[in-house]
Each structure stands twice: as structure tokens, then as C-alpha cells.
Amino acid sequence: MTPPDKPRLRFFESAPAQRHITGADHYIYAQAEPRHRVNVIGTGTIGHEHMRVATMLGRVAINGIYDEQAHSMDVAADTFATYSDSELKRFDSLEAAVNDPAADALMICTPNFTHIDVLEVAAKSGKPIFLEKPMATTVADAKRIVEIASDYPSFIQVGLQYRYKAPYAEARHEALERGTVGDIKTLAMSEYRPPFLDKVKQWNKFAECSGGTLVEKCCHYFDLLTLFAGGRPTRVYASGGQAVNFVDFEYEGKPCDIDDHAFVIIDYDNGVRANFTLNMFCPHFYEELVVCGDKGRLVASERFDFQRDDSARSHVSIEMGENGASREIEVGYTKPIEQSGHNGSTFHEHIEFADQLDGKASDAATPLQGLWSIVIAAAAQDSVASGQPVEMNTFVEQHGLDGIL
Ligand SMILES: NC(=O)c1ccc[n+]([C@@H]2O[C@H](COP(=O)([O-])OP(=O)(O)OC[C@H]3O[C@@H](n4cnc5c(N)ncnc54)[C@H](O)[C@@H]3O)[C@@H](O)[C@H]2O)c1
């Protein structure tokens, strides 16, 4: 029998020349029975990804789904049937989905503005919860989620999975565990990408529903910067706006009001200075993190030209000058894992989720880290609006976050 968490040879098991190997002869292809069952709330783009990735990992079975749009559930069920022959329950209310005794965990994958209300209902079940990022659209709702989590009988994991992208996982290992570049002094992160995709009822075109671009998308990068900085943000200054995307877009008579570019500067209390650049009117995806310490420089990058390449190309380059060995590393996960979603980071997020369900230690994002990512983003959005820097002590006090942050 195969041990439950043993890595599998996913390339071979799905190869055409291996299809004649029946389950009875599976050993290195064998999949242990999942030990947990999850109900997925919200079966849109990311709900699909979680269903597929959970099934691929095989440690948590998809037990059932609930979505307020029947069409989303139809598509999710049809897609699920292409890669799984397990039964999939469909629930007709949120309450029925979260209180189903057959599910021992829940995944909340609904739009940002619904997270707080869905979580309030889900939390009554006391079950372990995975909650997509950003946790909430406002600092007040994010604070409420931290309060719910503080005396929750189980865990709440937040979907900030970019920390598991191969270049950043490797950068964390080099810069934070091995201390390769010495004491970190500056961080520069950037994301260049195409515009936001279409969504159900176009919720991501409106700051009221998404929290604003820096909250909705860039919470991932503020989470990463804070992990690398290892300090507390003291000051945030930002400039940004809507230059190209959706300038003529209207939905039910309402014009789109989301930014498509921004520059953000964050000072941390340990002297680390960070900046973040966003541009959302580019032909393909390019992300970069530059970490400079007193011994060297590290550059972690991911390029994904979805129109030409079938996988992302990720590198970590370490430049040590006279202080040590410099090197250039190509990093990545196996192709099926990278292609399962967000270049393999979602797969690794699911390993953390399954580990937490099994009672193991995990470095998955917590509600407190989710709150920090929103607080930095919200402060940056305030700075864009006012043209002034935001002092974080004042911001924390104004939002009643003393004692929490
Ligand atoms: N971690 C990541 O990298 C990542 C990537 C994409 C999306 N997300 C997050 O996932 C969430 C969903 O995004 P998406 O891209 O899948 O959006 P989507 O519009 O594609 O799907 C959302 C689904 O939720 C359903 N829904 C809306 N309100 C609901 C409610 N109250 N109860 C049940 N179902 C409801 C919609 O009908 C839709 O099917 C958002 O919070 C988004 O920010 C995270």
C-alpha cells in the first residue's frame, strides 16, 4: 500500500502508454484514499481551480458545492466529471452546504465583498475553513475576521498562496533561511500583467465589490514584502490611477472605478524599505522581486507568456560579488503541478491545507497576515486618494486596530 503523502509520478500515470495499467497494479501511481472531505462555496474561476487541485493532490476529497448562480454549479459539475468519477453533491443553500455532516472542512471561493457574510455563516459550523484572498474588502471586515479567528475552535487559512510560487519559495529559502544576501535592506517587487478578466456580475471592476485594485490583487505582494521585510510597516506612500483599462466600461449603468497602475513605497520599523510597482495593461505576465542585503542581491522572477508558452519561466539569480558564490537558477515545479493553477502555488497551498487538517505545523497565511496585507493595501489606496503619505501608527489607531496589530 502506498503511504498517504508519498509523491507520485504524475507525468507517467497520465501518459497514454500507461493507461492499460489497472488500479490493481498501481504502486508508484497509487493514490491513497483522501482523509478529509470539503464543501466548496463559490464555484467560479478559483473554485474550479481548488476542486481540480484538491482532486489532483488527493488528500482532501471534494464532497459538494454551493454557488448562488446555478450555471456556475452546472459548469463546475461538468468539469469535475472530466477528471473524477466521485459523486458530487449540490447544495441549494449556504446553510445546507456549511452544516453538511459529511464535510469536515469548507472552502470559501466567493467574490471579495461576500467573504465576511459567508464566513459569519460558515464559522457557526466550527469546521476548518479556507478563505480566499483578500479576506475582505474593508479594514473593518478584515478586523472582524481576525476576531472570529481568535477564539475559533479550528483554523482559518487565507488564500495568499503566492508565497509558494517557485521563485519566491526559493528566494525565501535563500534570503530568509540561509541568509545568503545578509541583512535585508531594500525590496523591490513588481507585477506587469494584462487587465482583470471577466467575472460573474463583473464584481472585480468596482472598488466597492473588490476592495480596490491594491486590495484585490496586490494583497499577494504586500504579504510577500512583509514576509521578506520581517518588520512592521511604519509609513506607506503611493501614487496610482486608471490610465487604460475599462475606461469606457459600464455595468448596469455604473462606470468602472478601479486603478490599473500604481507605485507604492513601504517603510518598515527595522529599517527595511520596500517598493511595489503595478501595471495591468501589458501583453503578458511578468513578476519580479529584488532583495538587496549587505552581502548581495537576489532577483526572483516569473514570466508567463500565456499566448506563446505553456508554462511559466521562473528564475532566481544570486549576485554575491566578492562575498560568495553567485549563481543563476531555473526554478519550477513539475509540469502537471505548474499547470494545475497559479504556476503550482495553489497545489502547495493545498498541501498546507491538508497538513493543517492532519494537525501538522504549517506556514500557510493566517488571518492576521491577511489583515496586514489588506491594511498596507488600504493605506496605499488612501495615499493615492490624498496624495499624502500614511503614517501607519495613525492608520492603525483610526481603524481601531491597536491591540490586534
Ligand atoms: N488566490 C488567488 O490567486 C486567487 C485567484 C483568483 C481569484 N481569487 C479570489 O477568489 C474569489 C472568487 O474569485 P473568482 O475569480 O473565482 O470569481 P468568479 O466571479 O469567477 O466566481 C465567483 C463565484 O461565486 C459565486 N457567488 C457570488 N456570491 C456568492 C454567494 N454569496 N454565495 C455563493 N456563491 C456566490 C458566483 O456566482 C461565482 O460563480 C475572490 O475572492 C478572488 O479574489 C483568488
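Order of appearance sets the numbers: ligands from 1, and atoms from 1 within every ligand. Count residues from 1 along the sequence.
Between Phe353 and Phe155, the two ring planes are perpendicular [angle over 60°; tilted spans 30° to 60°].
We find that Asp223 and Lys133 are not joined by a salt bridge, their nearest charged nitrogen and carboxylate oxygen being 4.0 Å or further apart. The pair Arg90-Asp74 meets the salt-bridge criterion, since a charged nitrogen lies less than 4.0 angstrom from a carboxylate oxygen. Between Glu208 and Lys254 there is a salt bridge, with a side-chain nitrogen of the basic residue lying less than 4.0 Å from a carboxylate oxygen of the acidic one.
For ligand 1, the atoms closer than 4.0 angstrom to any heavy atom of Gly159 are 1 (N). Of all the atoms in ligand 1, the ones that sit under 4.0 Å from a non-hydrogen atom of His342 are 3 (O), 5 (C). Of all the atoms in ligand 1, the ones that sit under 4.0 Å from a non-hydrogen atom of Pro134 are 43 (O). Of all atoms in ligand 1, numbered sequentially from 1 with element shown, those under 4.0 Å from a heavy atom of Trp203 are 13 (O), 17 (O), 18 (P), 19 (O), 40 (C), 42 (C), 43 (O). Ligand 1 places these atoms under 4.0 Å from at least one heavy atom of Lys199: 14 (P), 15 (O), 17 (O), 18 (P), 19 (O), 20 (O). Taking a cut-off of under 4.0 Å to the non-hydrogen atoms of Thr110, the atoms of ligand 1 that pass are 11 (C), 12 (C), 24 (O), 29 (C), 30 (C), 32 (N), 33 (C), 34 (N), 35 (C), 40 (C), 41 (O). Below 4.0 Å from some heavy atom of Gln69 lie the following atoms of ligand 1, by number and element: 37 (O). Which parts of ligand 1 touch Ser72 is read off a 4.0 Å heavy-atom cut-off, strictly below it: atoms 37 (O), 38 (C), 39 (O).
The protein atom (non-hydrogen) at minimum distance from atom 44 (C) of ligand 1 is Glu132 OE1, 3.1 Å. Nearest protein heavy-atom contact of atom 7 (C) of ligand 1 is Ile46 CB, 3.8 Å. The single protein non-hydrogen atom nearest to atom 3 (O) of ligand 1 is Gln161 NE2, 3.0 Å, given as residue, atom name and distance. If you check which protein heavy atom lies closest to atom 9 (C) of ligand 1, you get Lys133 O, 3.5 Å. Of the protein's non-hydrogen atoms, Pro111 CD, 3.7 Å is the one closest to atom 26 (N) of ligand 1. Of the protein's heavy atoms, Gly44 CA, 3.2 Å lies nearest to atom 21 (O) of ligand 1. Nearest protein heavy-atom neighbour of atom 12 (C) of ligand 1: Cys109 O, 3.2 Å.
In Ser210, neither the side chain nor the backbone holds a heavy atom less than 4.0 Å from any atom of ligand 1. Here Asn112 has heavy atoms under 4.0 Å from ligand 1 in both its backbone and its side chain. Residue Glu68 touches ligand 1 through backbone and side chain together, judged by heavy-atom distances below 4.0 Å.
Listed here is the closest heavy atom pair of Ala243 and Asp260: N-OD1, 2.8 Å. Between Asp294 and Gly182, the closest heavy-atom pair is OD1-CA, 3.3 Å. Nearest heavy-atom pair across Phe196 and Asn204 is CB-ND2, 3.5 Å.
Ligand 1 is approached by His115 to a heavy-atom distance shorter than 4.0 Å. Under a 4.0 Å heavy-atom criterion, His220 is in contact with ligand 1. Assignment of Thr114 to the shell around ligand 1 is supported, since a heavy atom sits closer than 4.0 Å.
A distance below 6.0 Å separates the ring centres of Phe222 and Phe276. Taking the centre of each ring, Phe130 and His50 come in below the 6.0 Å mark.
Comparing Leu197, Asp67, Val200 against atom 37 (O) of ligand 1, the shortest heavy-atom distance belongs to Asp67.
For Gln31 and Arg59, the side-chain atoms include no donor-acceptor pair closer than 3.5 Å.
Geometrically, ligand 1 and Thr45 share a nitrogen or oxygen pair separated by less than 3.5 Å.
The structure places NE2 of His261 at 9.0 Å from CG of Leu278, a figure rounded to the nearest 0.5 Å. The distance from the OG1 atom of Thr346 to the OH atom of Tyr162 is 8.5 Å, given to the nearest 0.5 Å.
Looking only at side-chain heavy atoms (C-beta outward), Cys282 and Arg193 stay at 4.5 Å or farther from each other. Looking at Ile318 and Glu174, their side chains come closer than 4.5 Å, going by heavy atoms from C-beta outward.
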